[in-house]
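So you know, we letter chains A, B, ... as the sequences are listed, proteins then strands, and number each from 1. As the structure is a computational prediction, the values presented were derived from the model and not from experiment. Computed over heavy atoms, backbone and side chain alike; hydrogens, waters and symmetry mates excluded.
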Amino acid sequence: MTMVHDHNRKDCLAMFAKLSDYIDNELDDLTCKDIENHARACIPCKACMETFRQTICFCRSLTPNEIPVPTAFSNHLKSLIQKLSGQKRDL
Amino acid sequence: MPIFPSPKTKTDDDFELIQAINAGQTDLFPELVFRYERKLYNFGMRMCRNVQDTEDMVQDTFINVFKYLKDFRYETKFRNWLYRVATSTCLKKKRKSKYAPERELSLDEFIPDENAELPVQVPGWATLPLDQLLNEELLSIIREGIAALPEKYRLVLVLRDMEGFSTAETAQVMGLTTENIKVRLHRARLFLREKLKTYYDHGA
């Protein structure tokens, strides 16, 4: 379902620009309250905020180190480092 | 209130190891490699997007760390310094291989059209718990979305939302201001949100 947006667009745009700072807890309390009040009154902005928040949750849910280092490369790295460790570092 | 607290400052877990290496115990350097090899490899795969460039980046990063560790002054956590070296190695590699200018993302391109019909409720995908949504198809959409970001935006998103660096740390790693990091991060997240919205709007 959709509707034509009749809320104060200036407030919507102000909220849109601050969404990341809001979600990252980088705004003062008063600005946070303004955003929360606006989102309560403006469903499209609420939808925007929640989809934005979920997007960040998705990113953070990705396993950061899911790919194992290929054994051949790891061995190559080990031998290179051992070689370097045996030398003076300023060479 | 926002759901994500600011990351807390932690002590540097690598401090003692680095002190020992810099005191002459270079045989401990492989331990440092062991700690960060997999992290850097995954970071490289997200940034370089292919195995050969990733392996080159990881190798060059460790060689540079080995050469310059003696100059590390503990003004930042070792991890931040390491990622700064890795990021710089990664960007240099990119400049060598491609000369096409990068696409800029502007805030305006993500602002919903004033005349468009807008939702009257929050979409279901934004309200359900992650474990009910995450599956291989969605994970692949997210990874593709991240890979499609222009590099300078992807780098900020990866450091902030995946590697867990704070805004200030990301600024330090990239040698940019915190304001610049915030601008890039916001646009990167909006870009990704559009990809997910398109995926769900088309009946995922």
Quick check for you: to the nearest 0.5 Å, what is the distance between [X] atom [atom1] and [Y] atom [atom2]?
X: A:Glu66; Y: B:Met45; atom1: CD; atom2: CE; value: 10.0 Å
X: A:Phe58; Y: B:Arg143; atom1: CZ; atom2: CZ; value: 13.0 Å
X: A:Thr55; Y: B:Lys195; atom1: OG1; atom2: NZ; value: 12.5 Å
X: A:Ser20; Y: B:Leu190; atom1: OG; atom2: CG; value: 6.5 Å
X: A:Leu13; Y: B:Leu107; atom1: CG; atom2: CG; value: 8.5 Å
X: A:Ile67; Y: B:Arg46; atom1: CD1; atom2: CZ; value: 7.0 Å

**Prompt:** Are the aromatic rings of A:Tyr22 and B:His186 close, with centres under 6.0 Å apart?
**Reply:** no

Are side-chain heavy atoms of [X] and [Y] found at a separation under 4.5 Å?
X: A:Ile81; Y: B:Leu32; result: no
X: A:Pro70; Y: B:Tyr41; result: yes
X: B:Leu196; Y: A:Phe52; result: no

Of all heavy-atom pairs linking B:Pro119 and A:Pro44, the shortest is O-CG, 3.7 Å

Chain A contact via [X] - side chain, backbone, both or neither, heavy atoms under 4.5 Å:
X: B:Phe110; value: both
X: B:Leu128; value: backbone
X: B:Leu134; value: side chain
X: B:Met162; value: both
X: B:Leu133; value: side chain

Determine whether A:His76 and B:Gln59 satisfy the following criterion, side chain to side chain donor-acceptor pair (under 3.5 Å), listing intermediate values before the conclusion. CA-CA 9 Å; A:His76 164 74; B:Gln59 175 177 308; 2.6 Å; yes

Q: List the steps and the verdict of side chain to side chain donor-acceptor pair (under 3.5 Å) for A:Thr51 and B:Arg193.
A: CA-CA 7 Å; A:Thr51 51; B:Arg193 175 184 164 269; 2.8 Å; yes

For A:Glu50 and B:Thr127, does a side-chain donor sit closer than 3.5 Å to a side-chain acceptor? no

- Task: Decide, yes or no, whether a salt bridge links A:Asp24 with B:Lys182 under the criterion of side-chain N to carboxylate O below 4.0 Å.
- Result: no

(request) Inspect the surroundings of OH in B:Tyr74 and state if more than 12 heavy atoms from other residues, nucleotides or ligands are less than 6.0 Å away. (result) yes

Per-residue tally against chain B (heavy atom, under 4.5 Å) across A:Leu27, A:Asn65, A:Val69, A:Leu62 peaks at A:Asn65

Whatever's closer than 4.5 Å to a heavy atom in chain B on A:Lys78 counts as neither

Looking only at B:Asp161, B:Ile142, B:Leu192, most heavy-atom pairs under 4.5 Å shared with chain A are made by B:Asp161

